[in-house]
Amino acid sequence: MRIAVTYENGQVFQHFGHTEQFKIYDVSDGEIVKEEVVSTMGSGHGALAGFLSANNVQVLICGGIGGGAQNALAQAGIRFYGGVSGMADDAVKALMSGTLGFNPEVKCSHHNHGEDGHTCGSHGCGNHGCH
């Protein structure tokens, strides 16, 4: 199985559409056999599902993710676990052990907030609209 995590400085990056790197893990027989950090080369929202598909990813772990990206992942046959935070390595281990805490109803509403003078891309969404 191939698992990708939105990645920044060891953490699960909180805004799928602005992900600049994924950490990709190859898992076999319940063990991580290979891991690498890959650049998205500037791909944005819609292109990221294609990027993951081209890299043979079957599962994505991420923070906030919008409906369009969710649909693109579903069309690519990629299962995703959104609303995850913390260390990327810990998230993958939790997924493998069946203990990953995620939000099946996650939505990133970043396009609808900015009224307070900031945008999600400048701070990784954090607690502002990505649930």
Side-chain angles (χ1 to χ4, degrees):
M1 175 189 313
R2 196 154 228 225
I3 302 168
V5 181
T6 54
Y7 189 78
E8 183 177 64
N9 298 322
Q11 301 284 320
V12 177
F13 184 65
Q14 292 301 299
H15 189 157
F16 176 79
H18 290 273
T19 299
E20 294 182 7
Q21 295 180 316
F22 288 103
K23 188 165 184 181
I24 298 178
Y25 302 79
D26 290 321
V27 177
S28 180
D29 297 322
E31 298 288 327
I32 297 171
V33 295
K34 181 182 175 190
E35 54 188 80
E36 64 180 321
V37 176
V38 297
S39 170
T40 64
M41 295 172 282
S43 298
H45 290 85
L48 289 173
F51 177 89
L52 292 172
S53 183
N55 280 280
N56 301 311
V57 170
Q58 290 101 16
V59 176
L60 169 71
I61 298 172
C62 62
I65 182 169
Q70 291 179 22
N71 291 338
L73 290 170
Q75 288 177 356
I78 299 170
R79 290 190 323 262
F80 73 91
Y81 298 88
V84 177
S85 61
M87 299 296 292
D89 292 352
D90 293 344
V92 170
K93 290 172 187 169
L95 177 66
M96 291 169 35
S97 69
T99 61
L100 179 65
F102 67 99
N103 179 357
E105 302 298 318
V106 68
K107 295 280 190 253
C108 188
S109 59
H110 70 282
H111 297 285
N112 300 323
H113 82 277
E115 63 279 353
D116 53 358
H118 70 271
T119 61
C120 268
S122 65
H123 62 74
C125 270
N127 297 321
H128 305 319
C130 291
H131 311 287

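For clarity, every value in this text was computed on a predicted model and none was experimentally measured.
Distance check, rounded to the nearest 0.5 Å: CG of Leu95 to CG of Asp90 gives 12.5 Å. Met41 CE to Gln21 CD: the interatomic distance, rounded to the nearest 0.5 Å, is 11.5 Å. In this structure, Glu8 CD and His18 NE2 are separated by 12.0 Å, a value rounded to the nearest 0.5 Å. Atoms CD and CD1, on Glu35 and Ile24 in that order, are 11.5 Å from each other to the nearest 0.5 Å. The CG atom of Leu73 sits 12.0 Å away from atom CZ of Arg79, with the distance rounded to the nearest 0.5 Å. Annotation: the span from Thr19 atom OG1 to Leu60 atom CG amounts to 8.0 Å, rounded to 0.5 Å.
In terms of heavy-atom proximity, Ser97 sits nearest to Thr99 at OG-OG1, 2.9 Å. Across all their heavy atoms, Val84 and Gly101 have their closest contact at CG2-O, 3.6 Å. Scanning both residues, Ser28 and Val33, for their nearest heavy atoms gives CB-CG1, 4.1 Å. The minimum heavy-atom distance linking Phe80 with Ile65 is given by the pair CE1-CG2, 4.1 Å. Between Phe51 and Asn55 the shortest heavy-atom distance is O-ND2, 2.8 Å. In this structure, Cys62 and Thr6 approach most closely via the heavy-atom pair CA-OG1, 3.5 Å.
Linking ILVMFWY residues whenever their side-chain heavy atoms come closer than 4.5 Å, directly or via other members, leaves Met87 and Val12 in distinct clusters. One hydrophobic cluster, built from ILVMFWY side chains closer than 4.5 Å, holds both Val59 and Phe102. Following chains of ILVMFWY side-chain contacts shorter than 4.5 Å, one cannot reach Leu48 starting from Val37, and the two form parts of different hydrophobic clusters. Hydrophobic clustering (side-chain heavy atoms under 4.5 Å, transitive across Ile, Leu, Val, Met, Phe, Trp, Tyr) keeps Met1 apart from Ile78.
For the pair Phe13/Glu20, no side-chain contact is recorded, criterion being any heavy-atom separation below 4.5 Å from C-beta on. Asp89 is listed as a side-chain neighbour of Tyr25, based on a closest heavy-atom distance under 4.5 Å. Counting heavy atoms from C-beta outward, Glu36 and Lys23 have side chains that stay 4.5 Å or more apart. Side-chain atoms of Phe16 and Gln70, non-hydrogen and from C-beta on, never get closer than 4.5 Å to each other.
Screening Ile61, Val5, Leu52 for a side-chain contact (heavy atoms from CB on, under 4.5 Å) involving Phe22 leaves a single residue, Leu52.
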